[in-house]
Amino acid sequence: MPLNIAIDGPAGAGKSTIAKMVAKKKNLIYVDTGAMYRAIALYILRKGTDVNDPDAVSKDCKSANVTIGYEDGVQIVYLNGENVNAFLRTEEVGNVASKTSAVPAVRAQIFDLQQKLAKENDCIMDGRDIGTVVLPWADPKVYLTASSEVRAKRRFDELVAKGEQPDFDKIKADIEQRDYQDMHREISPLKQAEDATLVDSSYMTIEEVVDAICDLCK
Ligand code: DC
């Protein structure tokens with residue numbers, strides 16, 4: 001059985017940064033499941049489907065075929081054969097993904113892909129329901145979080161570094177709204193698995209978090 005590490009937690013907790021570093025240290029592939037949900041959200045946005053209508057999302061997502069490849073260790077997401085990596089990391093796509101990922105048909109669409117990747121590769125997979133639903137066998141499981149204030153400040157600093165002039169209160173409100181949506185949906189809500197280790201990164205450095213997770217693998 002391959003080594004499968006699950007990292008779940010709220011938006012902006014640093015899951016992808018940490019998971020990429022652990023993957024490098026432990027020679028694992030990094031599976032970013034948020035990017036898969038974002039690809040379906042992109043499809044729904046491009047198609048002009050009403051994102052607040054679960055029946056329409058349910059019907060239209062069936063024509064979004066999401067597949068994954070790796071180039072130099074970087075995950076590439078293909079949407080109906082097109083490499084869509086460059087379009088996934090916007091606030092708009094993230095906010096829509098938080099809504100559309102609550103639709104059962106959307107989750108069913110990529111569930112098998114996620115399990116197949118884990119069964120065939122040593123991997124670290126991050127998301128919202130990896131330890132609870134997708135890879136119940138994962139070991140170790142980590143629930144990585146940080147206060148919404150700290151997560152908003154990290155996002156704010158990232159945008160400032162890119163030359164943008166973000167509104168801190170709006171970023172914090174968006175993060176809190178996504179937390180609420182991700183934690184209160186009926187299917188696969190974000191929650192800490194019973195056998196997951198809680199890591200609160202609010203006052204930890206990136207290296208300290210990476211070391212804490214690598215230590216759990218011993
Ligand atoms: O981690 P992220 O911001 O890229 O995820 C975008 C959205 O996708 C998130 O708000 C909720 C959803 N998601 C999910 O429901 N389950 C996952 N395993 C990963 C992401």
Side-chain angles (χ1 to χ4, degrees), residues 5-19 30-45 49-54 56-58 61 64 66 75 77 88-111 113-115 118 124-136 138 141-156 158 168-202 209:
I5 305 176
I7 303 195
D8 291 302
K15 298 185 298 294
S16 65
T17 306
I18 302 292
Y30 164 50
V31 183
D32 172 0
T33 62
M36 301 173 186
Y37 287 101
R38 284 170 183 263
I40 295 189
L42 179 68
Y43 180 83
I44 293 294
L45 266 171
T49 308
D50 178 357
V51 301
N52 294 308
D53 177 350
V57 171
S58 210
C61 78
V66 175
Q75 174 179 289
V77 182
L88 301 181
R89 292 275 143 210
T90 66
E91 298 300 313
E92 184 188 26
V93 170
N95 290 334
V96 170
S98 178
K99 288 186 177 166
T100 52
S101 62
V103 175
V106 168
R107 305 200 75 79
Q109 188 94 346
I110 47 184
F111 182 80
L113 169 65
Q114 294 169 349
Q115 284 203 335
I124 179 161
M125 187 177 289
D126 78 352
R128 303 292 188 285
D129 60 339
I130 308 307
T132 49
V133 176
V134 180
L135 308 180
K141 294 179 185 177
V142 176
Y143 189 84
L144 181 64
T145 190
S147 69
S148 58
E149 188 81 18
V150 166
R151 288 182 282 136
K153 177 74 169 66
R154 289 177 187 160
R155 184 75 189 128
F156 178 86
E158 265 172 35
F168 178 82
D169 291 337
K170 163 129 193 6
I171 294 177
K172 186 162 174 273
D174 274 358
I175 282 186
E176 285 170 354
Q177 194 194 340
R178 277 180 63 187
D179 285 357
Y180 187 87
Q181 282 172 185
D182 294 348
M183 290 173 181
H184 291 86
R185 64 185 178 213
E186 258 174 55
I187 182 168
S188 302
L190 168 64
K191 62 175 182 199
Q192 184 179 341
E194 275 176 19
D195 49 351
T197 301
L198 174 68
V199 178
D200 184 336
S201 73
S202 300
V209 178

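From a predicted model like this one, the values you see are computed outputs, not experimental measurements.
In this structure a side-chain-to-backbone donor-acceptor pair under 3.5 Å is missing from Arg38 to Val93. Remark: side-chain polar atoms of Asp8 are paired, donor with acceptor, to backbone N or O of Asp129 under 3.5 angstrom. Counting only distance, with no hydrogens or angles, the side chain of Lys15 and the backbone of Ile7 share no donor-acceptor pair below 3.5 Å.
Distance check, rounded to the nearest 0.5 Å: CG of Leu45 to OG1 of Thr90 gives 7.5 Å. Considering CG of Leu135 and NZ of Lys141, their distance stands at 8.5 Å, rounded to 0.5 Å. Note that the CG atom of Leu190 and the CG atom of Asp179 stand 7.5 Å from one another [nearest 0.5 Å]. The CD1 atom of Ile44 lies 10.0 Å from the CG atom of Asp53; values are rounded to the nearest 0.5 Å. The distance from atom OH of Tyr37 to atom CG of Asp182, rounded to the nearest 0.5 Å, is 10.5 Å. Interatomic distance, NZ of Lys172 versus OG of Ser147, reported as 8.5 Å (0.5 Å rounding).
With a 4.5 Å cut-off on side-chain heavy atoms, Val133 and Phe111 count as touching. Using a 4.5 Å cut-off on side-chain heavy atoms (C-beta onward), Pro10 and Tyr180 make no contact. Within the 4.5 Å cutoff, the side chain of Leu88 has heavy atoms near those of the Leu42 side chain. When side chains are defined from C-beta on, Thr132 counts as touching Lys191, because their heavy atoms get closer than 4.5 Å. By the 4.5 Å heavy-atom criterion applied to side chains, Thr33 and Met125 are counted as neighbours. Proximity of Glu176 to Arg151: side-chain heavy atoms (C-beta onward) are nowhere separated by under 4.5 Å. At least one side-chain heavy atom of Ser101 sits under 4.5 Å from a side-chain heavy atom of Arg107.
Under the side-chain hydrogen bond (donor to acceptor under 3.5 Å, both in side chains) criterion, Asp169 pairs with no residue, sequence neighbours left out. Scanning for side-chain hydrogen bond (donor to acceptor under 3.5 Å, both in side chains) contacts around Gln192 gives an empty result, with sequence neighbours left out.
The minimum heavy-atom distance between Ile175 and Ser148, with the atom names listed, is CG2-CB, 4.3 Å. The heavy-atom pair separating Ala102 from Ile187 by the smallest distance is O-CG2, 3.4 Å. Nearest heavy-atom pair, Asn95 versus Gln181, reported as atom, atom and distance to 0.1 Å: O-NE2, 4.4 Å. The heavy-atom pair separating Val209 from Leu144 by the smallest distance is CG1-CD1, 3.8 Å. Nearest heavy atoms, Ala41 versus Thr100: CB-OG1, 3.9 Å. Nearest heavy atom pair, residue Pro54 against residue Asn52, reads CD-O, 3.3 Å.
Classification of Glu91 and Lys170 as a salt-bridged pair fails, no side-chain N sitting under 4.0 Å from a carboxylate O. A salt bridge links Arg89 with Asp32; the closest basic N to acidic carboxylate O contact falls under 4.0 Å. Salt bridge Glu149/Lys153: absent, no basic N to carboxylate O contact under 4.0 Å.
Between the side chains of Asp126 and Ser16, no donor-acceptor pair of N or O atoms lies under 3.5 Å.
Counted within 6.0 Å of CZ on Phe168, heavy atoms from surrounding residues, nucleotides or ligands total more than 12; the atom is thus considered enclosed.
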For Ser201 and Arg154: C-alpha separation, side-chain torsions, deciding distance, then whether side-chain hydrogen bond (donor to acceptor under 3.5 Å, both in side chains) applies.
CA-CA 12 Å; Ser201 73; Arg154 289 177 187 160; 3.2 Å; yes
